[in-house]
Peer 1: 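Dropping a structure here in structure tokens format, bear with me for questions.
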Amino acid sequence: MEIAKAYDPTQAEEHHYARWEASGCFTPEINQDEDAEAFSIVIPPPNVTGTLHMGHALQHTLMDVLTRWKRMLGYRTLFLVGVDHAGISTQLMVTRQLKKDEHKTPQEIGREAFTEKVWEWKNKYGGEITRQIRREGLSVDWTRERFTMEENLSRAVREVFVRLYEEGWIYRGTRIVNWCPRDKTVLSDLEVKEEKVKDGKLYYLKYPTSDGSAMVTVATTRPETMLGDTAVAVHPEDMRYAKLVGKSLALPLTGREIPVIADSYVETEFGTGAVKITPAHDSNDWEIGERHGLEKLVVMNDDATMNAAAGEGFAGMDRFEARAKVVEEFEKLGLLEKVEDYEITLPHCERCKTIIEPLLSEQWFVKMEEMRDMALKLMREDNIPHFFPEIPHKKVYTTWLENLRDWTISRQLWWGHQIPAWYDGDGNVFVARTKEEAAEKAGTESLTQDPDVLDTWFSSALWPFSTLGWQSEPGAVATGVFNSTDLETFYPTNVLVTGRDIIFLWVSRMVMSGLKFVGEKPFDDVIIHGTVLDKNGQRMSKTKNNGIDPLGVFEKYGVDATRMTLAGSATGVDFAWRDERVESFRNFANKIWNATRFALMNSEGATVRSDSLLQQASAGGPPEGGTPNALADRWIISRLNKTAKAVNRALETYQFHEAVQLLYHFIWDDFCDWYIELKKDEITAGDVEASSRILTILEQALRLLHPFMPFLTEELWQKLPGISNSMHNAAYSSADQTIMLTTFPTGDGSLIDEAAETEMQSVTELITKVRNIRAEMNIKPGDKLGIHIAADGSTQRVFAASEEQIKKLARADKIILADSLDVPRASARAVLTGNAEIAVPLEGLIDFEKERARLQGQIEKLDVEVQRLNAQLSNANFVEKAPKEKVDGLRERQVEIEGQTRTLNQNLEALN
RNA sequence: GCCGACUUAGCUCAGUGGUAGAGCACUCGCUUCACACGCGAUAGGUCACAAGUUCAAGUCUUGUAGUCGGCACCA
């Protein structure tokens, strides 16, 4: 078979995905075992406006590894995919486009026309992220692809809203909310980011008492809000102000009189100890206002300009202009005491970075107490969700829930789920699933729907069950789009993979709504992956423009190499991106490609022979009982099974990086560097048995690697002679042949052969020591050497059985085995484990000076170790208290080192 | 202010109380018939610092320093 010299990822990536998808490999229906256990994962739905970034690539890889692994183990797997409508982002994007294309604003074209535009945009451009998900090779079920705005998911949203309202857990109220004056919508606490403002100032304003007898100085960072002040508060025990409590102040610039009140909220130490109170523009002030029955005077519009209530001179002015003007007026009046520089952190809109204005506003809220308690109970009693890594996420999650406040769910947007509440002419509200239902309740058709939409996270919170058909239309079930049993089969899902930034926004809310509406947890485990940083360890961000585009990396190094790099990072730990690391996995892919190439070049008449060949080799037993090649075979089979066991164990606990390391070393070091080299002569000589065995081992290795490197493994697997769908897991026996449906090797303990591993270690140690001598003595590659070995009988038998392989790899032409050494003075020497000794006669080639240094170096190394051992073993406490096994082990090592040191010293003396 | 994580080879990072590990980079050698995206052989460590627990600490405890993160407050 002709096969290219180097692996070309692009070619394999183009080949297989469409075929997998077309043959139904990604759907749970491919599994024909009626008793198969289910395994399900839902993707954190990326924004419809989004494009793939490294964070996606990381979490997607982890999910796909788990799904492919479980599928190969015979589970009925569902990896559910879909996208989120992303309210604000999408609305802003379409608004920009509308401006550009038609020079119009959403208001100009109206709500209906605008939402139509959004759908048009979604249909045209919304597929970008899903195309990229295909590129990543994700084995997601496209037949069940979901979108949060589609009808069935919207129905679930309305159902949840109505039920919560009926229970009194959703209410409408007037509160101080986080208002973004630029997006002109309210935001939840979680969509607000606190950021330091460098040029912050603290202004000290003087308010005179109404009788003109005294002044009270208040400190503020937002002087413009004084226009809405309705009191000044001091601490009840602050003696400085005791006389003033109850008196009234003449609020400058407004002509209003406001009282001085006492409230223990005030800290005497801060500022002047007197606080201006603006109940309509500050949440703490609002609470004080409530306690003292103060008027709540709104002085701003929704775009953060001052309104008429702010007074004639200020109305229509932007908040920051008004600030400057207030300060100027105070100064003119001689009421500005001072201005200090003051570093302050202020809430900013997470999206547009505008400074949030706390504003009194009527909004919809969800009361969280009951659902919060359900989630806390689940964690306390069952430790669910089980976070990986558990520290610190379990505690952070729990603490957050404990301090949870009501959730503001209305948004002043047009793109999203419109709130299912209708008002009659008198302002009475009717919450219902449909307008008809509302009309029935209201007794009139003349109703207006609430113009607001719901927070995008409201629908995301339902994702694990709304996507599986909860409350879906019966008709939809009949079309097969929603399978009526999906919820039963796949809920709860097994594991959620996501970033730590949305533990509160999303994970906690899925837990709460899942418990409330399905009556069961949405998932058992939550893997919180780390953040991919740039090469300098900085977070990637658009403003820094230091992002690394996964698609560029795919292009340069291949999807599989990228997946290995991502899966190879420790679970939950941040790591700095290094192209060098992907490069090493690109090289790894090429290594496997070439190992396969070698096996195929010499595969005349050979085939992959399933498990039978593995069993047979093992049954060969120790060297004297089997063929001369039995050791390498027993050894590689043992290594394969050990690796398979360890890989499964690692994946069970989500130690992806551990699995990656195991596979990398098994394939590169054990299989390529040793096994292939040991078997090369047999293979090239046309030994069909040997060729078949190497193909068989390779086939098993490809299966183990498949979840991580799906394209490469499929490409190579399809080239192997003798593969067929009979190698599939029984659940997929009739499907078209593909490695993704073969049985994942779990490792057979009975094929783990410790004796073979120990013997092999002797052989590799011998070869390595001889190679070391060759390198240190500058022996030319073509020059063959003779190796004299002194060893005990069983070790001699091991070396004898592998004589041909040792000669080949050590480039020797003869091996002389004996009980003791009898060699010329001009020999290079080394000691081996188990009191064996080797000597390589180098008549005319040896550099005595170098050899002495080499021996000296070995002695010194052993000396360092033996000194530590001596110290430990002469400690009576250690000998007494440490486990006997440990002590015996060290004693044996001590004896061995002493023997080796003696030998090396004798060798050294012989050179003098 | 509260909570937390991290600090290991030149770089990026693994590490489960018992001899300190990988990849890349570095040094030396090799056009050896799968692969130079390769092969072979080396070198490189006060595991941030200090104390404690233990026969034994990179690992457990406390403190210190530095780096980073989350939450809260901010008149």
Side-chain angles (χ1 to χ4, degrees), chain A residues 3 5-7 194 200 202-205 218-222 225 232-233 265-267 270-278 282 284-285 342-346 389 391-393 395-396 399-400 403 500-501 503-504 531 533 535 537 539 557 561 565 568-570 572-581 583-602 657-658 661 664-665 672-673 676-677 680 683-684 767-768 771-776 778-782 808-809 811 864-865 868-869 872 875-883 885-887 889-890 893:
Chain A
I3 171 164
K5 201 170 169 181
Y7 173 52
E194 299 287 336
L202 190 58
Y203 303 87
Y204 289 76
L205 308 178
V218 295
T220 180
T221 54
R222 295 189 296 151
T225 62
V232 166
Y265 158 76
V266 179
E267 281 176 42
F270 192 90
T272 62
V275 189
K276 58 186 279 302
I277 301 298
T278 324
D282 182 281
N284 290 306
D285 291 9
Y342 184 68
E343 191 180 87
I344 187 174
T345 51
L346 287 178
I391 296 167
H393 301 113
K395 192 171 172 185
V396 170
T399 309
W400 183 80
N403 299 303
R500 52 180 155 254
D501 52 333
I503 294 175
F504 306 146
T531 308
L533 308 169
K535 67 180 190 319
R539 297 179 89 87
Y557 301 104
T565 307
S569 67
V573 179
D574 295 354
F575 68 102
W577 183 265
R578 293 261 135 191
D579 269 1
E580 294 90 327
R581 187 136 176 98
E583 207 176 305
S584 77
F585 285 114
R586 188 267 321 256
N587 296 350
F588 177 62
N590 193 55
K591 187 73 184 173
I592 301 164
W593 176 268
N594 274 290
T596 309
R597 183 163 166 255
F598 171 76
L600 292 176
M601 284 167 98
N602 300 285
H657 66 290
E658 179 71 20
Q661 287 306 310
Y664 188 94
H665 290 295
C672 292
D673 284 353
I676 291 184
E677 294 304 329
K680 213 168 226 177
I683 304 287
T684 49
I767 293 168
T768 304
R771 283 170 171 174
N772 175 254
I773 289 168
R774 299 189 66 105
E776 299 275 330
N778 298 319
I779 308 299
K780 290 200 194 90
K808 164 132 176 134
L809 298 188
R811 294 177 167 271
V864 170
E865 193 183 340
R868 191 176 45 229
L869 287 177
Q872 239 178 318
N875 179 343
N877 267 327
F878 171 73
V879 176
E880 195 183 319
K881 295 189 180 173
E885 261 174 43
K886 187 79 214 162
V887 178
L890 293 191
R893 180 71 186 140

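A quick note: this is a predicted structure, and the numbers were derived from the prediction, not measured. The chains referred to below are lettered A, B, ... by the order of the sequence lines, with proteins before strands, and numbering in each begins at 1.
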Peer 1: Identify whether any heavy atom of A/L202 sits under 4.0 Å from a base atom; if not, whether one sits that close to sugar-phosphate; answer base, sugar-phosphate or nothing.
Peer 2: sugar-phosphate
Peer 1: Determine the interatomic distance between C1' on B/rU31 and the same-named atom on B/rC39; round to the nearest Å.
Peer 2: 11 Å
Peer 1: Expressed as a whole number of Å, how far does the P atom of B/rA20 sit from that of B/rU59?
Peer 2: 13 Å
Peer 1: Nearest heavy atom decides the nucleotide; on that basis, is A/K276 or A/W400 closer to the 5' end of RNA chain B?
Peer 2: A/W400
Peer 1: Within this structure, what is the CZ-to-P distance between A/R597 and B/rC35, rounded to whole angstrom?
Peer 2: 5 Å
Peer 1: Using a strict cut-off of less than 4.0 Å between a Lys/Arg side-chain nitrogen and an Asp/Glu carboxylate oxygen, indicate whether A/R868 and A/E865 qualify as a salt bridge.
Peer 2: no
Peer 1: Partner of B/rC13 by Watson-Crick or G-U wobble geometry, both contacts under 3.5 Å, or none?
Peer 2: B/rG21
Peer 1: Give a yes/no on whether any side-chain N or O of A/K591 is located under 4.0 angstrom from OP1 or OP2 of B/rG38.
Peer 2: no
Peer 1: To the nearest 0.5 angstrom, please state how far the CG atom of A/D579 sits from the CZ atom of A/R586.
Peer 2: 10.5 Å
Peer 1: Could you tell me how far apart A/N772 (CG) and B/rU27 (C1') are, to the nearest whole angstrom?
Peer 2: 15 Å
Peer 1: Rounding to a whole Å, what distance do you find between A/I391:CD1 and B/rG70:C1'?
Peer 2: 16 Å
Peer 1: As a test of understanding, state which of A/F598, A/Y7, A/F588 forms a ring-ring contact (aromatic ring centres under 6.0 Å, His included) with A/W593.
Peer 2: A/Y7
Peer 1: I need the CG-C1' distance between A/N778 and B/rG29, as an integer number of Å.
Peer 2: 8 Å
Peer 1: Taking protein heavy atoms under 4.0 Å as touching, what does nucleotides 57-62 of chain B look like 5' to 3' if B marks base contact, S marks sugar-phosphate-only contact and - marks none?
Peer 2: ------
Peer 1: Nucleotide by nucleotide, 5' to 3', does protein get under 4.0 Å of the base (B), only the sugar-phosphate (S), or neither (-) in nucleotides 10-19 of chain B, counting heavy atoms?
Peer 2: -SSSSS--BB
Peer 1: Map A/E776 and A/N594 onto RNA chain B by nearest heavy atom, then report which one ends up closer to the 5' terminus.
Peer 2: A/N594
Peer 1: Rounded to whole angstrom, note down the C1' distance from B/rU16 over to B/rA57.
Peer 2: 14 Å
Peer 1: Which part of the nucleic acid does A/T345 contact within heavy-atom distance under 4.0 Å: base, sugar-phosphate only, or nothing?
Peer 2: base
Peer 1: Please work out if A/Y265 contacts a base, only the sugar-phosphate, or nothing of the nucleic acid, heavy-atom cut-off 4.0 Å.
Peer 2: sugar-phosphate
Peer 1: Give the rounded distance in Å between these two atoms: OH of A/Y557 and P of B/rC24.
Peer 2: 13 Å
Peer 1: Pairing check on B/rG52: which nucleotide meets the Watson-Crick or G-U wobble criteria with it, both distances under 3.5 Å?
Peer 2: B/rC60
Peer 1: Between B/rA36 atom P and A/N587 atom CG, what is the distance in whole Å?
Peer 2: 11 Å
Peer 1: Could you give the distance separating B/rG10 and B/rC26 at their C1' atoms, to the nearest angstrom?
Peer 2: 8 Å
Peer 1: Using a strict 4.0 Å threshold on nitrogen-to-oxygen distance, state whether A/R578 and A/E583 make a salt bridge.
Peer 2: no
Peer 1: Measure CG/A/D579 against C1'/B/rA25 and give the value in whole Å, please.
Peer 2: 15 Å
Peer 1: Base, sugar-phosphate alone, or nothing: which one does A/Y342 contact when heavy atoms must sit under 4.0 Å apart?
Peer 2: sugar-phosphate
Peer 1: For A/F504, which residues count as a ring pair (Phe, Tyr, Trp, His ring centres under 6.0 Å) partner, sequence neighbours excluded?
Peer 2: A/W400
Peer 1: Using atom C1' of each nucleotide, how far apart are B/rC11 and B/rA72 to the nearest Å?
Peer 2: 38 Å
Peer 1: Only pairs with both distances under 3.5 Å count, Watson-Crick or wobble alike; so what is the partner of B/rC26 in this structure?
Peer 2: none
Peer 1: Is there a side-chain contact between A/K5 and the phosphate of B/rA36, meaning an N or O under 4.0 Å from OP1 or OP2?
Peer 2: yes
Peer 1: Across the strands shown, which category fits A/E583 at heavy-atom distances under 4.0 angstrom: base, sugar-phosphate, nothing?
Peer 2: nothing
Peer 1: Using the P atom as the point on both nucleotides, what is the distance between B/rG1 and B/rU64, in whole Å?
Peer 2: 13 Å
Peer 1: Does a nitrogen or oxygen in the side chain of A/T768 sit under 4.0 Å from OP1 or OP2 of B/rA41?
Peer 2: yes
Peer 1: Please report, rounded to the nearest Å, how far the C1' atom of B/rG69 is from the CZ atom of A/R500.
Peer 2: 7 Å
Peer 1: Sticking with atom P, work out how far B/rG17 lies from B/rG58, rounded to a whole angstrom.
Peer 2: 13 Å
Peer 1: Please determine, for the side chain of A/R771, which listed nucleotide (B/rG69, B/rA41, B/rA34) has the closest atom?
Peer 2: B/rA41
Peer 1: Quick one: which of B/rA41, B/rC37, B/rA34 gets closest to the side chain of A/R586?
Peer 2: B/rC37
Peer 1: When you compare B/rU67 with B/rU8, how far apart are their C1' atoms, in angstrom units rounded to a whole number?
Peer 2: 16 Å
